[in-house]
Amino acid sequence: MAKLLLRHVYKIYPGVGKAKKKAKGETKKRSGDFVAVKDFNMEINDGEFIVFVGPSGCGKSTTLRMIAGLEEISGGELYIDDQLVNDIDAKDRDIAMVFQSYALYPQLTAYGNIAFGLKMRKVPVARLDEQGNQIVAIDNKKIASVNKKVKKLRKQYDTLIKDISQSEDNAVAMQTRIDCLNEQTSALDDKQLAKITEKLEEMQNAKEQIENDILYYTEKKALLEKRIKDAEAEIEYYTSTPVPLFNYVHMSKQEIDEKVKWAAEILGIEELLDSRPAEMSGGQRQRIALGRAMVRGPKVFLLDEPLSNLDAKLRTAMRAEIVKLHNQLKTTFIYVTHDQIEAMTMGTRIVVMKLGVIQQIDTPTNLFDYPENKFVAGFIGTPQMNFFEVDIKREGDKLKAAFKDGQIVSLALSEMRTIEDKYLDGNAHSVYLGARGENIRVDDAGIKATLTIKEVLGNTTQLFLRLNEMNEDFIVSVPERNGLVPGDAVGISFNERHVHLFDKETELSIMSRKYGNK
């Protein structure tokens with residue numbers, strides 16, 4: 001088991017090429033730097049099952065690969081068991097990764113695939129003298145390793161200094177251009193002034209972005225200086241301090257055999273050990289990939305969408321198998337998926353991401369019941385939450401919600417979660433009202449909507465309804481079957497205890513987790 005700490009972690013892919021235009025006094029620069037992960041902060045406790053979830057391109061797999069050591073961290077710090085591992089190779093981080101594509105060797109049997117990593121791996125064995133005592137001496141190999149790390153850090157530092165200098169030059173050049181344009185504005189007519197004003201706004205935004213880059217580079221510079229200083233102190237320690245020495249040898253065939261059979265027994269694949277991947281189903285191949293990771297006895301398991309290639313029924317079965325495996329091994333699991341059902345059913349905590357930024361970290365039930373913004377609310381839950389643009393206004397102990405088509409819903413404030421005071425000042429406020437399909441009731445006395453589609457799912461029926469002035473349907477889930485047909489008018493009302501309200505501008509929730517309003 002291991003505890004992980006990610007502190008202000010960034011992943012930035014540098015742009016390619018040069019800026020298209022090069023104004024006088026402006027230095028050449030790269031264009032299109034892409035921030036894949038931005039300021040990722042999280043502490044993962046021993047034995048947790050953490051799930052990263054979000055749409056494609058949100059940075060979840062990139063974050064996983066940075067933890068694995070397959071991607072270099074652009075900024076920030078990653079600790080595994082209180083050890084900074086930014087500069088430690090993937091093979092030395094004591095992690096195991098299960099890939100989406102299984103990555104099995106087709107020419108090897110299941111036994112050979114599971115055992116392959118163990119055969120390649122070397123384990124430390126104490127180096128003994130003639131009397132059988134462990135040798136204690138200056139570790140030249142360790143000194144060489146740390147020297148290599150320092151050389152790599154210094155190279156990063158030199159590149160960073162160039163980036164800072166280049167950004168500062170760009171900021172000065174941009175300010176010069178802004179000043180020149182400002183001087184021209186007094187002699188321009190209204191049409192020309194409007195053009196120049198628009199150009200000035202664009203340039204000011206560009207300058208602010210450059211200043212933000214300088215701030216980020218400066219923070220990264222301070223971090224690199226600290227890491228170089230720590231590494232140099234490490235060299236000084238190993239240069240002057242004798243330490244126990246080890247030889248690194250391959251594991252014995254007996255040890256490998258015991259580990260392979262142990263993993264095969266847990267995964268229920270003993271009969272597959274002599275089969276090759278081509279002779280197996282997708283679920284069996286996935287078990288082999290899991291077994292290959294298990295036998296390493298890693299501190300952390302990393303799983304990158306391991307079930308996406310399986311059919312729906314097998315995916316459900318394998319979800320349960322992975323949860324059972326986590327319960328047996330009691331090891332830290334970090335699991336990446338775009339499927340929010342997998343996230344809800346497997347994780348002890350879930351990290352919801354969008355465009356490289358953490359939106360919310362919480363337990364599955366808290367994410368479902370108390371989303372912190374509209375994106376989380378819409379992403380978690382099947383079918384997704386319905387959203388309505390409404391104007392809310394407090395009238396006594398009621399909250400009136402006026403929809404775009406003029407219909408008004410009256411909600412009991414005493415039954416709702418606490419709303420921020422500024423929205424209950426008696427004035428109208430534009431917000432998003434969110435409600436899940438199961439929390440909207442068919443009610444003849446409620447506001448009227450038109451049925452467009454009806455889906456009978458056996459134990460539930462989903463009604464696709466549309467209010468006047470709305471371009472999209474919203475979904476109501478009812479437990480009973482009915483005789484409604486498309487085109488019918490349907491009355492609906494809302495369960496106040498499960499209504500969500502989000503600010504129209506920021507899309508942040510304006511409700512707390514407690515109930516009752518004064």
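No hydrogens, no waters, no symmetry mates; every other heavy atom, side chains included, goes into these values.
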Contacts of type salt bridge (charged side-chain N to carboxylate O under 4.0 Å, His left out), residue [X], not counting sequence neighbours:
{"X": "K261", "result": "D257"}
{"X": "D230", "result": "K226"}
{"X": "E48", "result": "R349"}
{"X": "R276", "result": "none"}

Give, for atom [atom1] of [X] and atom [atom2] of [Y], the distance between the pair rounded to the nearest 0.5 Å.
{"X": "E255", "Y": "K259", "atom1": "CD", "atom2": "NZ", "value": "7.5 Å"}
{"X": "F368", "Y": "I380", "atom1": "CZ", "atom2": "CD1", "value": "9.5 Å"}
{"X": "T382", "Y": "Q340", "atom1": "OG1", "atom2": "CD", "value": "3.5 Å"}
{"X": "I164", "Y": "Y217", "atom1": "CD1", "atom2": "OH", "value": "9.0 Å"}
{"X": "K354", "Y": "N373", "atom1": "NZ", "atom2": "CG", "value": "7.5 Å"}
{"X": "I114", "Y": "L108", "atom1": "CD1", "atom2": "CG", "value": "11.0 Å"}

Salt bridge between R319 and E342, side-chain N to carboxylate O under 4.0 Å?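 Salt bridge between R319 and E342, a charged N being under 4.0 Å from a carboxylate O: no.
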The test is ring pair (Phe, Tyr, Trp, His ring centres under 6.0 Å); show your working for Y216 and Y10 and say whether it passes. CA-CA 10 Å; Y216 165 73; Y10 283 78; 4.9 Å; yes
Using side chain to side chain contact (heavy atoms under 4.5 Å, CB included) as the criterion, list what pairs up with E219, not counting sequence neighbours. L215
Step by step, work out the ring pair (Phe, Tyr, Trp, His ring centres under 6.0 Å) result for F301 and F49. CA-CA 9 Å; F301 271 90; F49 197 126; 9.9 Å; no
Centre of [Y]'s six-membered ring, under 6.0 Å away, within 45 degrees of the axis: is that where NZ or CZ of [X] sits?
{"X": "K504", "Y": "Y432", "answer": "yes"}
{"X": "K11", "Y": "Y13", "answer": "yes"}
{"X": "K374", "Y": "F387", "answer": "yes"}
{"X": "R287", "Y": "Y102", "answer": "no"}

Return yes when atom [atom1] of [X] has more than 12 non-hydrogen atoms of other residues, nucleotides or ligands closer than 6.0 Å, and no otherwise.
{"X": "E265", "atom1": "CD", "result": "no"}
{"X": "D82", "atom1": "CG", "result": "no"}
{"X": "D274", "atom1": "CG", "result": "no"}
{"X": "Y515", "atom1": "OH", "result": "yes"}
{"X": "E236", "atom1": "CD", "result": "no"}
{"X": "Q328", "atom1": "CD", "result": "yes"}

Of all pairs that satisfy salt bridge (Lys or Arg N to Asp or Glu O under 4.0 Å), the ones with a partner from residues 204-215, not counting sequence neighbours: K207-E211
